[in-house]
A.B. asks: 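Pasting a structure below so you can have a look.
One-based numbering along the sequence shown. For clarity, every value in this text was computed on a predicted model and none was experimentally measured.
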Amino acid sequence: MLNIALLTYVAIMSVTPGPNNLMLAASGGNFGFRRTLPHLLGISIGHAVQVFLVGMFLAWIMVVLSSVRPILGVIGCAYLLWLSMQIWRAASPEGQQVARPMSFLAAAAFQWINPKAWVMVLNTVILFLPHGPANLGAVLSLALICALINLPCIAVWAWLGDALRHHLLVPKNLKLFNGIMASLLALTACYLLYGELIVLA
């Protein structure tokens, strides 16, 4: 089950910029690595659960996904835009009063409307599971391997945000950092939404 191609694919897809990683960097910068851990674990465990369920029910999920994918894409992009506003607001004193890290369950649930997560999971299941009926052992192994590879890759982003925290104690630096993170997340949402609209056209 574990091979270099699988390790490389999951690692590259996990560590490259995307909604999860931008949110982790922002959370690490605003709340620190320790308070970002539930968010971090929610992503990796949510990813493993998504891999497992897609692996077990691929044929059915592909049929359902073809009809609801545009809706999921729009919901996911709208949510990313909302999150970018939350990150932007965290730069202001009043925003810091209400801001808090994403919870474990929210991070795990987000994987189901995250377009990049869907691409990653579908490709992983199609490319690295044996053909034929779903095999419980093979699917469980793949889900576990994905989580174990994904976790350290995305942790880098939360750690980088946390490493910048002492610079972010200066209000103008925090405002700039959150502004950059919010803008990148909003641009990511717009790019993903454009891709969904192209598919619909």
A.B. asks: Quick check on the hydrophobic clustering: are I45 and L148 connected, directly or via other members, by side-chain heavy-atom contacts under 4.5 Å?
C.D. replies: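 In one cluster: no.
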A.B. asks: Is the CH2 atom of W159 crowded by more than 12 outside heavy atoms at less than 6.0 Å?
C.D. replies: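 Check fails, neighbour count at 12 or below.
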A.B. asks: Can you check whether W157's main-chain N or O pairs, donor with acceptor, with N21's side chain at less than 3.5 Å?
C.D. replies: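 Judged by distance alone, no pair lies under 3.5 Å.
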A.B. asks: Checking side chain to side chain contact (heavy atoms under 4.5 Å, CB included) for the pair W118/V54: CA distance, chi angles, key distance, verdict?
C.D. replies: CA-CA 10 Å; W118 272 109; V54 170; 3.8 Å; yes
A.B. asks: Strictly distance-based, threshold 3.5 Å: is any side-chain N or O of Q111 a donor or acceptor partner for the main-chain N or O of Q50?
C.D. replies: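 No, the answer is negative, given that no donor and acceptor are paired below the 3.5 Å cut-off.
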A.B. asks: Is a side-chain N or O of S27 found less than 3.5 angstrom from the main chain of M23, in a donor-acceptor match?
C.D. replies: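 Pair absent, no side-chain N/O of S27 close to backbone of M23.
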A.B. asks: For a side chain to side chain contact (heavy atoms under 4.5 Å, CB included) check, start with the C-alpha distance between F110 and N20, then their side-chain angles and the critical distance, and finish with the verdict.
C.D. replies: CA-CA 9 Å; F110 174 66; N20 283 326; 3.5 Å; yes
A.B. asks: Applying side chain to side chain contact (heavy atoms under 4.5 Å, CB included), run through L174 and L169 and close with a yes or a no.
C.D. replies: CA-CA 7 Å; L174 180 63; L169 294 174; over 6 Å; no
A.B. asks: Which value, rounded to the nearest 0.5 Å, describes the distance between L185 atom CG and M181 atom CE?
C.D. replies: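 Answer for the CG-CE pair, L185 versus M181, is 9.5 Å.
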A.B. asks: Can a donor-acceptor pair be found, under 3.5 Å and without considering hydrogens, that links the side chain of D162 to the backbone of F33?
C.D. replies: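 Judged by distance alone, yes, a pair lies under 3.5 Å.
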A.B. asks: Which atoms form the tightest heavy-atom contact between V139 and V51, and what is the distance?
C.D. replies: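 Between these two residues, the closest heavy atoms are CG1-O, 4.4 Å.
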A.B. asks: Ignoring hydrogens and geometry, is there a side-chain-to-backbone donor-acceptor pair from T36 to H39 under 3.5 Å?
C.D. replies: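 No: the side chain of T36 does not pair with the backbone of H39.
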A.B. asks: Is the side chain of N150 donor-acceptor paired with the backbone N or O of C146 at a distance under 3.5 Å, no angle test?
C.D. replies: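 Not at all, since once roles are kept as given, no pair shorter than 3.5 Å links the two residues.
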A.B. asks: For L168 and F177: C-alpha separation, side-chain torsions, deciding distance, then whether side chain to side chain contact (heavy atoms under 4.5 Å, CB included) applies.
C.D. replies: CA-CA 8 Å; L168 302 179; F177 175 78; 3.5 Å; yes
A.B. asks: If you group Ile, Leu, Val, Met, Phe, Trp and Tyr by side-chain heavy-atom gaps below 4.5 Å, do I12 and I145 land in one group?
C.D. replies: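 Different clusters: I12 never reaches I145 through Ile, Leu, Val, Met, Phe, Trp or Tyr contacts under 4.5 Å.
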A.B. asks: Transitively linked via ILVMFWY side-chain contacts under 4.5 Å: L164 with V170?
C.D. replies: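 No, no single cluster joins them.
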A.B. asks: Does the side chain of T188 come under 3.5 Å of the side chain of K116 through a donor N or O and an acceptor N or O?
C.D. replies: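 Distance-only check fails for T188 and K116.
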A.B. asks: Looking at NE2 of H47 and OG1 of T124, how far apart are the two atoms once the value is rounded to the nearest 0.5 Å?
C.D. replies: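 The NE2 atom of H47 sits 5.5 Å away from the OG1 atom of T124.
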